[in-house]
A.B. asks: 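This is the structure, below, for whatever I ask next.
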Amino acid sequence: MTDRVVVAGAVYDRGRLLAARRSSPPELAGRWELPGGKVEPGESGEQALVRELREELGVEAEPLERIPGEWPLKPGYVLHVWTARLVSGVPAPLQDHDELRWLGPGESGTVDWLEQDLPAVAEAVRRQPGGAHR
């Protein structure tokens with residue numbers, strides 16, 4: 001059986017990385033993640049990311065590159081992460097999130113990330129424009 005892919009965006013704007021705080025389900029509420037969601041049948045990862053960021057945050061974003069690797073989430077699901085550039089709109093927590101925060105270089109440790117997202121977040125931070133971690 002093939003794992004279902006969940007995509008997330010390391011969305012950058014003006015040297016900052018976007019973090020989103022989960023509002024549901026209850027076991028994830030209050031923890032932070034890179035925004036995204038499940039790939040639907042017939043979609044590429046990039047198409048799913050664009051759709052999910054539009055639905056969840058009300059923005060248009062351009063996927064840039066896939067961060068190498070995949071990370072297990074819950075059984076049957078794996079996470080793929082793309083770097084992305086904000087094209088238009090102001091992110092707002094429309095679905096599944098109750099707060100958003102732009103994190104500048106060196107600020108990624110100021111939020112309580114979901115454990116399963118930590119390896120992907122570390123890679124996203126390493127690629128953060130203007131970051132000291134390059």
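Nothing here was measured: the structure is a model prediction, and the numbers come from that model.
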A.B. asks: Identify, with sequence neighbours excluded, every residue that meets side-chain hydrogen bond (donor to acceptor under 3.5 Å, both in side chains) alongside Gln47.
C.D. replies: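 side-chain hydrogen bond (donor to acceptor under 3.5 Å, both in side chains) list for Gln47, sorted by chain: Ser44.
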A.B. asks: Measure the spacing between CG of Asp117 and CH2 of Trp71 and express it to the nearest 0.5 Å.
C.D. replies: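 Those atoms lie 9.5 Å apart.
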A.B. asks: Got a second to check how far Lys38's NZ is from Arg4's CZ, nearest 0.5 Å?
C.D. replies: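 One gets 6.0 Å once the value is rounded to the nearest 0.5 Å.
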A.B. asks: Remaining members of Leu114's ILVMFWY cluster at a side-chain heavy-atom cut-off under 4.5 Å?
C.D. replies: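 ILVMFWY cluster around Leu114 also holds Leu28.
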A.B. asks: Donor-acceptor pair, distance only, cut-off 3.5 Å: does the side chain of Tyr12 make one with the backbone of Ala124?
C.D. replies: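 Yes, the answer is positive, given that a donor and an acceptor are paired below the 3.5 Å cut-off.
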A.B. asks: Is there a path of hydrophobic side-chain contacts, each under 4.5 Å between heavy atoms, that joins Leu34 and Leu57?
C.D. replies: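 As far as the 4.5 Å side-chain criterion goes, Leu57 and Leu34 are not connected within one cluster.
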A.B. asks: Side chain to side chain contact (heavy atoms under 4.5 Å, CB included) between Val78 and Val5: does it pass, once the steps are laid out?
C.D. replies: CA-CA 5 Å; Val78 294; Val5 175; 4.2 Å; yes
A.B. asks: Without placing hydrogens or testing angles, list every side-chain donor-acceptor pair under 3.5 Å for residues 83-92, not counting sequence neighbours.
C.D. replies:
from  : atom 1 : to    : atom 2 : distance (Å)
Thr83 : OG1    : Glu65 : N      : 3.2
Thr83 : OG1    : Glu65 : O      : 3.3
Arg85 : NE     : Glu62 : OE1    : 3.0
Arg85 : NH2    : Glu62 : OE1    : 2.7

A.B. asks: Do the side chain of Ser23 and the main chain of Asp96 share a donor and acceptor less than 3.5 angstrom apart?
C.D. replies: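 Pair found, side chain donor or acceptor close to backbone of Asp96.
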A.B. asks: Give the C-alpha distance, both sets of side-chain angles, the deciding distance and a yes or no for side chain to side chain contact (heavy atoms under 4.5 Å, CB included) between Leu17 and Val11.
C.D. replies: CA-CA 6 Å; Leu17 174 67; Val11 179; 5.8 Å; no
A.B. asks: If you round to the nearest 0.5 Å, how far is CG of Asp112 from CD of Glu33?
C.D. replies: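 Answer for the CD-CG pair, Glu33 versus Asp112, is 12.5 Å.
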A.B. asks: How many angstroms lie between CD in Gln116 and CG in Leu79, if you round to the nearest 0.5 Å?
C.D. replies: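 It is 8.5 Å, given to the nearest 0.5 Å.
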A.B. asks: Rounded to the nearest 0.5 Å, what separates atom CG in Leu73 from atom CG in Asp3?
C.D. replies: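 So the gap between those two atoms works out to 9.5 Å.
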A.B. asks: Applying salt bridge (charged side-chain N to carboxylate O under 4.0 Å, His left out), can you list everything that pairs with Asp13, at least two apart in sequence or on another chain?
C.D. replies: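 Salt bridge (charged side-chain N to carboxylate O under 4.0 Å, His left out) check on Asp13 returns Arg16.
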A.B. asks: List for me each residue that meets side chain to side chain contact (heavy atoms under 4.5 Å, CB included) alongside Pro75, sequence neighbours excluded, and say none if there are none.
C.D. replies: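 Partners of Pro75 under the side chain to side chain contact (heavy atoms under 4.5 Å, CB included) test: none.
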A.B. asks: If you look at every heavy atom in Tyr77 and Val6, which pair is closest and at what distance?
C.D. replies: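 So the minimum-distance heavy-atom pair works out to CD2-CG2, 3.8 Å.
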A.B. asks: Who passes side-chain hydrogen bond (donor to acceptor under 3.5 Å, both in side chains) against His80, sequence neighbours left out?
C.D. replies: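 Only Arg66, Glu70 meet the side-chain hydrogen bond (donor to acceptor under 3.5 Å, both in side chains) criterion with His80.
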A.B. asks: Should side-chain heavy atoms under 4.5 Å link Ile, Leu, Val, Met, Phe, Trp and Tyr, which residues sit in the same cluster as Leu64?
C.D. replies: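 Taking Ile, Leu, Val, Met, Phe, Trp and Tyr as members, Leu64 stands alone, with no cluster partners.
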A.B. asks: Applying side-chain hydrogen bond (donor to acceptor under 3.5 Å, both in side chains), name anything that partners Arg21, two or more places apart in sequence or on another chain.
C.D. replies: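 Arg21 satisfies side-chain hydrogen bond (donor to acceptor under 3.5 Å, both in side chains) with Asp98, Glu99 once adjacent residues are dropped.
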A.B. asks: I'd like to check the side-chain hydrogen bond (donor to acceptor under 3.5 Å, both in side chains) partners of Gln95; sequence neighbours left out, ordered by chain and number.
C.D. replies: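 Partners of Gln95 by the side-chain hydrogen bond (donor to acceptor under 3.5 Å, both in side chains) criterion come out as none, since no residue qualifies.
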A.B. asks: Would you confirm whether Gln128, through its side chain, and Gly15, through its main-chain N or O, come within 3.5 Å as a donor-acceptor pair?
C.D. replies: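 Here the side-chain-to-backbone pair exists.
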A.B. asks: For Glu115, what residues pass the salt bridge (charged side-chain N to carboxylate O under 4.0 Å, His left out) criterion, not counting sequence neighbours?
C.D. replies: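 So Glu115 forms a salt bridge (charged side-chain N to carboxylate O under 4.0 Å, His left out) with Arg31.
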A.B. asks: Among the clusters formed by ILVMFWY side chains lying less than 4.5 Å apart, do Leu103 and Val121 turn up in the same one?
C.D. replies: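 Yes: a chain of side-chain contacts under 4.5 Å links Leu103 to Val121.
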A.B. asks: Specify the closest pair of heavy atoms between Val125 and Ser108, including all atoms of both residues, with the distance to one decimal.
C.D. replies: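 It is CG2-CB, 3.5 Å.
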A.B. asks: Kindly work out whether a path of hydrophobic side-chain contacts (I/L/V/M/F/W/Y, heavy atoms less than 4.5 Å apart) joins Val59 to Trp82.
C.D. replies: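 Both belong to a single hydrophobic cluster.
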A.B. asks: List in chain and number order the residues that pass side chain to side chain contact (heavy atoms under 4.5 Å, CB included) with Leu118, two or more places apart in sequence or in another chain; answer none if no residue qualifies.
C.D. replies: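 Leu118: side chain to side chain contact (heavy atoms under 4.5 Å, CB included) contacts with Trp113.
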A.B. asks: Can a donor-acceptor pair be found, under 3.5 Å and without considering hydrogens, that links the side chain of Glu123 to the backbone of Ala120?
C.D. replies: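 No, because the side chain of Glu123 does not come within donor-acceptor range (under 3.5 Å) of the backbone of Ala120.
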A.B. asks: Test of understanding: clusters of I, L, V, M, F, W, Y form through side-chain heavy atoms closer than 4.5 Å, transitively. Do Leu49 and Val39 belong to the same one?
C.D. replies: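 Yes; Val39 is reachable from Leu49 via cluster members.
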A.B. asks: Are Leu94 and Glu55 close enough, and set up right, to give a side chain to side chain contact (heavy atoms under 4.5 Å, CB included), and what steps lead you there?
C.D. replies: CA-CA 7 Å; Leu94 304 176; Glu55 291 172 0; over 6 Å; no
A.B. asks: Indicate yes or no: at least one non-hydrogen side-chain atom of Arg14 is less than 4.5 angstrom from one of Trp102.
C.D. replies: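 No, their side chains stay 4.5 Å or more apart.
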A.B. asks: Sequence neighbours excluded, which residues qualify as salt bridge (charged side-chain N to carboxylate O under 4.0 Å, His left out) partners of Glu43?
C.D. replies: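 Only Arg51 meet the salt bridge (charged side-chain N to carboxylate O under 4.0 Å, His left out) criterion with Glu43.
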